[in-house]
Amino acid sequence: MLTPKQVVEKWVVAFNNTDISSLRELYHANAINHQVNTHPLHGQDAIIKMFSDEFALADMVCIVENIFEDKNWAILEWKDPLGLRGSSFFDIENEKIIFQRGYYDKLTFLRQHGLPLPTE
């Protein structure tokens with residue numbers, strides 16, 4: 001059985017390879033993904049659509065700085081090659097992500113990738 005840390009290590013590999021199929025396999029069918037700068041996404045399909053959409057917008061790379069584990073939780077501290085930093089918290093049950101919350105500066109991300117800024 002994989003530990004939460006090992007599940008997140010697999011998530012990083014899938015993310016860095018833009019491997020939608022492998023990402024899908026890591027999420028529970030009823031998972032919730034809440035990047036705090038957006039509304040929570042409910043369900044595997046919504047989460048995978050978000051990844052597909054984001055991978056189409058920008059080349060993203062997750063460089064692991066730390067992965068911490070506490071019981072069924074894994075906490076990922078990351079950076080990207082452009083200097084953006086963030087963290088993600090993963091609640092893992094039976095080797096599946098059932099809840100994920102992420103923190104990063106979305107405006108910096110958009111600026112770094114030359115993407116449109118929100119008008120609201």
Side-chain angles (χ1 to χ4, degrees):
M1 186 122 183
L2 296 176
T3 67
K5 180 179 180 180
Q6 291 169 324
V7 171
V8 171
E9 289 170 339
K10 286 181 71 169
W11 182 93
V12 169
V13 170
F15 181 90
N16 286 342
N17 289 316
T18 64
D19 184 345
I20 295 296
S21 177
S22 292
L23 284 169
R24 177 182 291 279
E25 289 300 314
L26 292 171
Y27 285 91
H28 186 277
N30 298 316
I32 295 172
N33 182 311
H34 185 200
Q35 301 304 304
V36 298
N37 50 34
T38 62
H39 296 291
L41 299 173
H42 297 269
Q44 190 183 54
D45 290 339
I47 293 167
I48 295 308
K49 181 180 180 334
M50 180 259 313
F51 281 119
S52 294
D53 292 348
E54 289 185 354
F55 289 149
L57 287 176
D59 292 327
M60 297 183 290
V61 175
C62 175
I63 301 168
V64 174
E65 294 210 298
N66 290 296
I67 301 177
F68 303 97
E69 184 177 83
D70 184 29
K71 298 179 184 135
N72 59 309
W73 284 89
I75 300 102
L76 169 65
E77 183 182 20
W78 57 266
K79 65 180 180 179
D80 75 3
L82 301 175
L84 184 66
R85 292 180 180 279
S87 59
S88 294
F89 295 74
F90 297 84
D91 186 4
I92 313 289
E93 272 187 23
N94 299 319
E95 301 183 6
K96 298 285 185 183
I97 301 164
I98 60 168
F99 181 79
Q100 179 183 358
R101 179 172 289 133
Y103 299 87
Y104 69 98
D105 181 348
K106 187 173 184 175
L107 288 177
T108 298
F109 173 83
L110 294 172
R111 285 184 183 114
Q112 287 176 332
H113 292 278
L115 298 170
L117 299 179
T119 57
E120 297 177 0

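Since the structure is predicted, the reported quantities are computational estimates derived from the model, not experimental observations.
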Minimal non-hydrogen separation, [X] against [Y], with atom names:
{"X": "Ile20", "Y": "Ile48", "value": "CG2-CG2, 3.3 Å"}
{"X": "Val12", "Y": "Cys62", "value": "CG1-O, 3.9 Å"}
{"X": "Gly102", "Y": "Ser88", "value": "CA-OG, 4.0 Å"}
{"X": "Tyr103", "Y": "Gln35", "value": "N-OE1, 4.5 Å"}
{"X": "Ile63", "Y": "Pro81", "value": "CD1-N, 3.9 Å"}

Describe, in one word, how the ring planes of Phe99 and Trp73 are oriented to each other, choosing from parallel (under 30°), tilted (30 to 60°) and perpendicular (over 60°).
perpendicular
Quick one: does Phe90's side chain get under 4.5 Å of Leu26's, heavy atoms only?
no
Report yes if the side chains of Val64 and Glu9 come closer than 4.5 Å at any heavy-atom pair, otherwise no.
no
Salt bridge check: are Lys49 and Asp45 linked by an N-O gap of less than 4.0 Å?
no
Regarding Glu65 and Arg85, does a basic nitrogen lie under 4.0 Å from an acidic carboxylate oxygen?
yes
For atom NZ of Lys96, is the number of surrounding heavy atoms from other residues, nucleotides or ligands below 6.0 Å larger than 12?
yes
Could you tell me whether Asn66 atom CG has more than 12 heavy atoms of other residues or ligands within 6.0 Å of it?
yes
Side-chain donor or acceptor of Asn72 paired with backbone N/O of Glu93 under 3.5 Å:
no
Closer than 3.5 angstrom, by distance alone: can the side chain of Glu95 be matched with the main-chain N or O of Val7 as a donor-acceptor pair?
no
To the closest 0.5 Å, what do you measure between CD1 (Ile92) and NZ (Lys5)?
13.5 Å
